[in-house]
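Following: one structure in structure tokens, then a few remarks.
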Amino acid sequence: MGKIIAVANQKGGVGKSTTVVNLAAYLGSRGKKVLCIDSDPQGNTTTSFGIKKKSLKFSTYDVLIGKSRVQDTIVDTGCENVSIIPATEDLAGAEIELINMENRVNRMKMQLLGIKNDYDYIFIDCPPALGTITINALVASDGIIVPMLAEFFALEGLSQLVNTIKIVKTNYNTSLEITGILFTMFDGRLNVSGEVVAEVEKYFPGKVFETKIPRNVRISEAPSHGKPVMYYDKNSKGAESYELLGHEILGEPLELPLKKRRGIFSFKKK
Ligand SMILES: Nc1ncnc2c1ncn2[C@@H]1O[C@H](COP(=O)(O)OP(=O)(O)OP(=O)(O)O)[C@@H](O)[C@H]1O
Ligand SMILES: [Mg+2]
């Protein structure tokens with residue numbers, strides 16, 4: 001049965017979209033069927049796959065509002081086994097339009113019921129806010145990945161997110177669990193990094209991913225080439241770190257590292 005995972009943190013710029021794109025690409029290359037849902041009006045996940053927003057007929061907005069069937073909204077990303085429900089700026093309007101709609105926090109969940117089992121993983125990229133769009137994602141999900149920076153103020157934001165998770169769990173989705181907390185743009189040489197990791201591990205025992213995503217220039221360059229980092233530079237530290245995260249999530253050992261894989265994975269040019 002497919003697993004739906006929201007990638008959420010109301011703090012901006014912590015690596016949510018980057019994590020969705022690169023984790024999805026990696027799991028897809030390992031033969032898992034993956035769907036990304038871009039639930040952020042900024043549409044960074046959509047752009048990172050090189051998808052031109054002008055070419056789109058439907059987007060996440062239409063799915064949430066009920067203007068399109070989810071099956072008609074899914075497009076190919078060019079990465080093996082990875083599809084996406086893309087986002088455009090329209091989605092910003094959904095936050096307001098949803099307020100007066102019936103079942104306004106269950107809409108994503110209802111739309112995904114029919115396709116959940118067509119995929120091994122569905123990743124939802126949330127916007128940097130705890131509004132109706134993010135709540136829709138949390139209500140629809142089995143798990144949450146929380147990317148965060150190892151900086152002093154990161155903890156404060158986390159308690160707000162945990163409160164929201166509690167509210168969603170109590171009222172709408174009792175099975176919602178934190179899949180893991182992911183440190184991104186990580187620099188293990190800094191004292192503060194170790195301190196923040198230790199603090200977060202104390203509050204969330206067993207929930208911090210062992211894999212830390214380092215700050216890596218290849219990760220930040222890849223979106224402008226419209227590709228996940230593993231297709232842009234498979235030998236980079238960035239590609240390697242998302243590979244390790246992929247294996248941590250799959251719960252299986254890494255037998256054939258990216259660096260040694262040749263010709264088995266490919267990216268279709270759009
Ligand atoms: N490990 C990394 N190393 C270097 N740069 C990174 C890394 N992860 C993300 N970035 C860069 O940091 C910026 C923010 O990342 P990203 O867009 O994934 O964050 P976000 O949480 O989705 O942001 P928002 O809240 O605006 O949606 C981007 O320019 C991205 O390319
Ligand atoms: Mg983002």
Side-chain angles (χ1 to χ4, degrees), residues 1-11 14-24 26-27 30 32 34 116 119-126 128 130 134-135 137-216 219 237-238 240-255 257:
M1 192 150 106
K3 194 159 187 186
I4 306 180
I5 299 177
V7 178
N9 187 338
Q10 80 280 9
K11 197 164 153 40
V14 295
K16 296 181 286 295
S17 305
T18 303
T19 297
V20 167
V21 169
N22 291 304
L23 188 56
Y26 184 73
L27 293 175
R30 283 283 165 185
K32 302 292 171 198
V34 185
K116 186 173 178 183
Y119 296 92
D120 296 303
Y121 291 96
I122 299 179
F123 293 109
I124 310 178
D125 183 19
C126 295
L130 294 173
T134 298
I135 305 288
L138 298 184
V139 171
S141 295
D142 306 298
I144 311 168
I145 291 177
V146 184
M148 68 179 285
L149 307 182
E151 59 183 26
F152 180 67
F153 291 115
L155 278 166
E156 275 178 35
L158 211 52
S159 61
Q160 233 180 314
L161 179 61
V162 167
N163 260 339
T164 305
I165 294 172
K166 266 190 204 149
I167 292 169
V168 170
K169 245 184 114 124
T170 313
N171 296 291
Y172 307 106
N173 181 4
T174 47
S175 54
L176 182 65
E177 292 294 341
I178 294 182
T179 306
I181 297 170
L182 176 68
F183 282 98
T184 60
M185 296 179 240
F186 191 74
D187 184 350
R189 294 168 304 181
L190 305 176
N191 285 341
V192 67
S193 303
E195 288 164 16
V196 173
V197 171
E199 191 77 3
V200 174
E201 276 172 345
K202 200 168 85 190
Y203 285 106
F204 302 93
K207 289 290 183 192
V208 177
F209 284 114
E210 205 174 297
T211 308
K212 311 283 185 284
I213 308 297
R215 190 176 287 281
N216 176 260
I219 290 180
K237 281 272 168 223
E240 187 187 25
S241 65
Y242 276 105
E243 168 178 51
L244 293 172
L245 178 66
H247 281 276
E248 204 175 331
I249 286 171
L250 290 172
E252 52 183 52
L254 171 58
E255 274 156 13

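Everything numeric here is computed off the predicted structure, so don't read it as measured data. Because only heavy atoms are used, hydrogens play no part in the values below, and waters and symmetry mates are left out as well, while side chains stay in.
- The ring-ring contact (aromatic ring centres under 6.0 Å, His included) search around Tyr119 returns none, not counting sequence neighbours.
- Among residues two or more places apart in sequence or in another chain, the side-chain contact (heavy atoms from CB on, under 4.5 Å) test is passed with Thr211 by Ile213, Leu244, Leu245, Glu248.
- In this view, Glu195 and Asn191 satisfy the side-chain contact (heavy atoms from CB on, under 4.5 Å) rule, not counting sequence neighbours.
- The salt bridge (Lys or Arg N to Asp or Glu O under 4.0 Å) test applied to Asp142 returns Lys116, not counting sequence neighbours.
- Taking the salt bridge (Lys or Arg N to Asp or Glu O under 4.0 Å) definition, one finds that Lys237 meets it with Glu240, sequence neighbours left out.
- The heavy-atom pair separating Pro147 from Ala8 by the smallest distance is CD-O, 3.7 Å.
- Taking NZ from Lys212 and OG1 from Thr184, the interatomic distance works out to 11.5 Å, rounded to the nearest 0.5 Å.
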Anything under 3.5 Å between a donor and an acceptor, one on a side chain of residues 151-161, the other on a protein residue two or more places apart or in another chain? List them.
unit_1: Glu151; atom_1: OE2; unit_2: Lys11; atom_2: NZ; d: 3.3
unit_1: Ser159; atom_1: OG; unit_2: Glu156; atom_2: O; d: 2.9
unit_1: Gln160; atom_1: OE1; unit_2: Gln10; atom_2: NE2; d: 3.3

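- Atom-to-atom distance recorded for Ser241:OG and Phe186:CZ is 12.0 Å, nearest 0.5 angstrom.
- Checking Asn9, Ile249, Ile181 one by one against Ile145, the side chain to side chain contact (heavy atoms under 4.5 Å, CB included) holds for a single residue, Ile249.
- Counted within 6.0 Å of CD on Glu252, heavy atoms from surrounding residues, nucleotides or ligands total more than 12; the atom is thus considered enclosed.
- Legend: residues meeting side-chain hydrogen bond (donor to acceptor under 3.5 Å, both in side chains) with Asp187, ordered by chain and number and at least two apart, are Arg189.
- Annotation: side-chain hydrogen bond (donor to acceptor under 3.5 Å, both in side chains) contacts of Thr18 (sequence neighbours excluded): none.
- For the atom pair CD1 (Ile178) and CD1 (Ile165), the distance works out to 4.0 Å, reported to the nearest 0.5 Å.
- Atom NZ of Lys3 sits about 12.5 Å away from atom CD1 of Ile122, to the nearest 0.5 Å.
- Nearest heavy atoms, Ala140 versus Ile4: O-CD1, 3.5 Å.
- Shown here are the ring-ring contact (aromatic ring centres under 6.0 Å, His included) partners of Tyr26, two or more places apart in sequence or in another chain: His247.
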Solution key, residues 166-175 side-chain donor-acceptor pairs under 3.5 Å, sequence neighbours excluded:
unit_1: Lys169; atom_1: NZ; unit_2: Leu176; atom_2: O; d: 3.0
unit_1: Lys169; atom_1: NZ; unit_2: Glu177; atom_2: OE2; d: 3.0
unit_1: Thr170; atom_1: OG1; unit_2: Lys166; atom_2: O; d: 2.6
unit_1: Asn171; atom_1: ND2; unit_2: Ile167; atom_2: O; d: 2.8
unit_1: Asn173; atom_1: OD1; unit_2: Ser175; atom_2: N; d: 3.4
unit_1: Asn173; atom_1: OD1; unit_2: Ser175; atom_2: OG; d: 3.1
unit_1: Asn173; atom_1: ND2; unit_2: Leu138; atom_2: O; d: 3.0
unit_1: Asn173; atom_1: ND2; unit_2: Val139; atom_2: O; d: 3.1
unit_1: Asn173; atom_1: ND2; unit_2: Ser141; atom_2: O; d: 2.8

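- By the 4.5 Å heavy-atom criterion applied to side chains, Phe123 and Leu27 are counted as neighbours.
- Interatomic distance, CG of Leu23 versus OH of Tyr242, reported as 8.0 Å (0.5 Å rounding).
- The two atoms that bring Ile124 and Ala137 nearest to each other are CG2-CB, 3.7 Å, heavy atoms only.
- Residues Phe183 and Val196 come closest through the heavy atom pair CE2-CG1, 3.9 Å.
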